[in-house]
Amino acid sequence: MLQISIPMYGLLDCNNFYASCERVFNPSLNGKPVVVLSNNDGCVIARSSEAKTLGIPMGEPAYKLKELIETNKVAVFSSNYVLYGDLSHRVMTILQSFVPEIEIYSIDEAFLLFDGFEKINLHEFGAKIVQTTTQNTGIPVSLGIAPTKTLAKVASKFAKKYKNYKGVCVIDTDEKREKALKLFDIGDVWGIGRQYSKKLQYYGVNTAWDFTQRSKSWVRHTMGVTGERTWLELRGTPCIEMDRSVTKKSICTSRSFGERLTELAPISEAVANFAASCAEKLRKQHSLASIVMVFIHTNPFATNEPKYANQIVLPLPVPTSDTTEIIRFALAGLKTIYKDGFRYKKAGVIITEILPERPFQQDLFEVRNRDKFNKIMGVMDSLNESYGKQKVKIAAQGFDRKWKLKNEKLSPCYTTKLSDILEIKAAE
DNA sequence: TCTGGGGTCCTAGGACCC
DNA sequence: TCTGGGGTCCTAGGACCC
């Protein structure tokens, strides 16, 4: 018989990732409700299953939950991205040892490509992946395997929901696909958000299966090409490939301030730091940017104070990844959009139009010595790499840090070097 | 008083050109 | 006052994801 190689896609998802990370080094939290708050301790961004059972919704502002948290002894943490990033890396490294190709989709999710696995029992193999990952990292995970990415997403939800699957669910026949899709709410499908789900329900489409029974042209008409892709994927035709690109097309660093800022000086300091962080991320992926954007705004939710929001787009004369240059443009931009008399809540820097480091178009009239600056940036990055973040920085980044965010419930950085821990202690 | 941060892709409409 | 048709590029905004 002719063997055709049909790849299968896997989606591995870390269960309640941030909450699980907090538990890895603090097992006394096992079985207890845990929530993790967003930057500035604003709202809930992760919940353990116990916290979900208590009815704590995702995205709920923390202040609304005070009572619930106290009466139920919920463990509350500020988000600790250093810790989560490190555990994420451990998970991804393990996955790479099992399959030839993975796509890191987010901090807690990866797609796996099972190409050339025709003779392998994917249930057993998947179970091994789940078991090894959980054992070696302490993070519980779920794995869905199916002929398309969208179906793998569906499968992973079943793997997580039903205990007897033991973390793995494989959709490899049409019968299983039909059964799964009939039990799957349309709004939970990857690619169908709040707006489309409302629209589809209006037309009587309540499950993923209902959706697949509509005509292709109807879907195209109501939801465009993205909807059509989802439709095809749910019917078993793969049209979303593994994403092999490693470089980002835009890089953004933005924060809400710990307290409202009114003066230009502290906002400039914040923006300089955001710009520096963008430039650093840019160099890490060996790219150059051609556009810098800066934005500032007051609290958009405030009802009883004047609101203001503005942004500016600044084309760079020559694509660059030089921190000093990106800071310079960002600060000039800020100066033009900043207006006196407002209480600012948030600012950010976005860089776009990103190109590979070389080859790039040299500007004949360029006066700065680019090689020299590149060398300086290289030295700065390696110093910061070995001695901890922000050891070396540009003067404009300042030391006041009035804009620093709140994170009062930060867990210790269990996985990082001693120097980093001392740094964090010193900053408190 | 308190409501995150960082991404991607697609489309409609305007400006401009011939 | 009338005023076509087609192409391209850019931008803002909307939808989605985690």
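Below, chains carry the letters A, B, ... as their sequence lines are ordered, and counting in each starts from 1.
Note on A/E60: nothing from the nucleic acid sits closer than 4.0 angstrom, heavy atoms only. When heavy atoms are screened at a 4.0 angstrom cut-off, A/K345 is found touching the sugar-phosphate backbone but no base atom. Nucleic acid contact class of A/K153 (heavy atoms, under 4.0 Å, all strands): sugar-phosphate only. Across all strands, A/S79 comes closer than 4.0 Å to no nucleic acid atom at all (heavy-atom distances). Backbone-only contact: A/V189 has heavy atoms under 4.0 Å from sugar-phosphate atoms and none from a base. Residue A/I251 is in sugar-phosphate contact alone, with no base atom involved, counting any heavy-atom pair closer than 4.0 Å across all strands shown. Residue contacts for A/I350: at a heavy-atom cut-off of 4.0 Å it reaches no nucleic acid atom on any strand shown.
Salt-bridge check for A/E109 with A/K153: passed, with a basic side-chain N closer than 4.0 Å to an acidic carboxylate O.
Of all nucleotides listed (C/dC16, B/dT3, B/dG6), C/dC16 comes nearest to the side chain of A/Q195. The side chain of A/Y196 lies closest to C/dA15, out of B/dT3, B/dG4, C/dA15.
One interatomic measurement links the two molecules: OH of A/Y81 to P of B/dG6, which rounds to 9 Å at whole-angstrom precision. The distance between atom CE of A/M58 and atom P of B/dG4, rounded to the nearest whole Å, is 13 Å. In this entry the distance linking NZ of A/K248 with P of B/dG5 reads 17 Å, nearest Å. At whole-Å resolution of the value, OH in A/Y105 and P in B/dG6 are 17 Å apart. When rounded to the nearest whole Å, the span between CG of A/L282 and C1' of B/dG7 equals 15 Å. One atom, CD1 of A/I107, and another, C1' of B/dG7, lie 13 Å apart when rounded to the nearest Å. One interatomic measurement links the two molecules: NZ of A/K307 to P of B/dT3, which rounds to 14 Å at whole-angstrom precision. Between the CG atom of A/D108 and the P atom of B/dG6 there is a distance of 17 Å, given to the nearest Å.
A cation-pi contact, defined as under 6.0 Å to the ring centre and within 45° of the axis, is absent between A/K157 and A/F184.
Residue pairs meeting the ring pair (Phe, Tyr, Trp, His ring centres under 6.0 Å) criterion with at least one partner in residues 309-340 of chain A, sequence neighbours excluded, are A/Y338-A/Y344. Residue pairs meeting the ring pair (Phe, Tyr, Trp, His ring centres under 6.0 Å) criterion with at least one partner in residues 291-324 of chain A, sequence neighbours excluded, are A/Y308-A/F342.
Under the 3.5 Å distance criterion, with hydrogens and angles disregarded, a donor-acceptor pair is assigned to the side chains of A/K281 and A/T253. Checking A/T247 against A/Q285 by side-chain atom types alone, no donor-acceptor pair falls below 3.5 Å. In this structure, a donor-acceptor pair under 3.5 Å is absent between the side chains of A/N16 and A/S49.
We find that the ring of A/Y63 and the base of B/dT3 do not stack by the test of centres under 5.5 angstrom and planes tilted less than 30°.
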Between A/E103 and A/K149, is a salt bridge (Lys or Arg N to Asp or Glu O under 4.0 Å) present by the stated rule, with each step listed?
CA-CA 11 Å; A/E103 174 195 331; A/K149 279 181 160 183; 2.7 Å; yes
Test salt bridge (Lys or Arg N to Asp or Glu O under 4.0 Å) on A/E233 and A/R229 and set out the steps.
CA-CA 6 Å; A/E233 285 246 322; A/R229 276 205 280 268; over 6 Å; no
5' to 3', nucleotides 8-13 of chain C under a 4.0 Å protein heavy-atom cut-off (B base, S sugar-phosphate only, - none) gives ------
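Checked against salt bridge (charged side-chain N to carboxylate O under 4.0 Å, His left out), A/K176 has the following partners two or more places apart in sequence or in another chain: A/D172.
Of the side-chain N and O atoms in A/S256, one or more sit less than 4.0 angstrom from OP1 or OP2 of B/dG5. Look at A/K346 and you'll find a side-chain N or O under 4.0 angstrom from OP1 or OP2 of B/dG5. Within the structure, every side-chain polar atom (N or O) of A/K199 is placed at least 4.0 Å from both OP1 and OP2 of C/dA15.
Contacts with DNA chain B (heavy atom under 4.0 Å) in residues 220-245 of chain A: A/V225, A/T226, A/R229, listed by number.
Remark: A/K128 NZ is loosely packed, at most 12 non-hydrogen atoms of other residues, nucleotides or ligands lying under 6.0 Å away.
Of the two residues near DNA chain B, A/T253 and A/R260, the one whose nearest nucleotide lies more 5' is A/R260.
Aromatic ring orientation, A/F114 versus A/F117: perpendicular (interplanar angle above 60°, classes split at 30° and 60°).
Atom NE2 in A/H89 sits 10.5 Å away from atom CD1 in A/I94 (nearest 0.5 Å).
A distance of about 24 Å separates the P atoms of B/dT3 and C/dC18, rounded to the whole Å.
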Per-residue pairing states of DNA chain C in dot-bracket (Watson-Crick or G-U under 3.5 Å; . unpaired, | other strand) read ....||||||||||||||
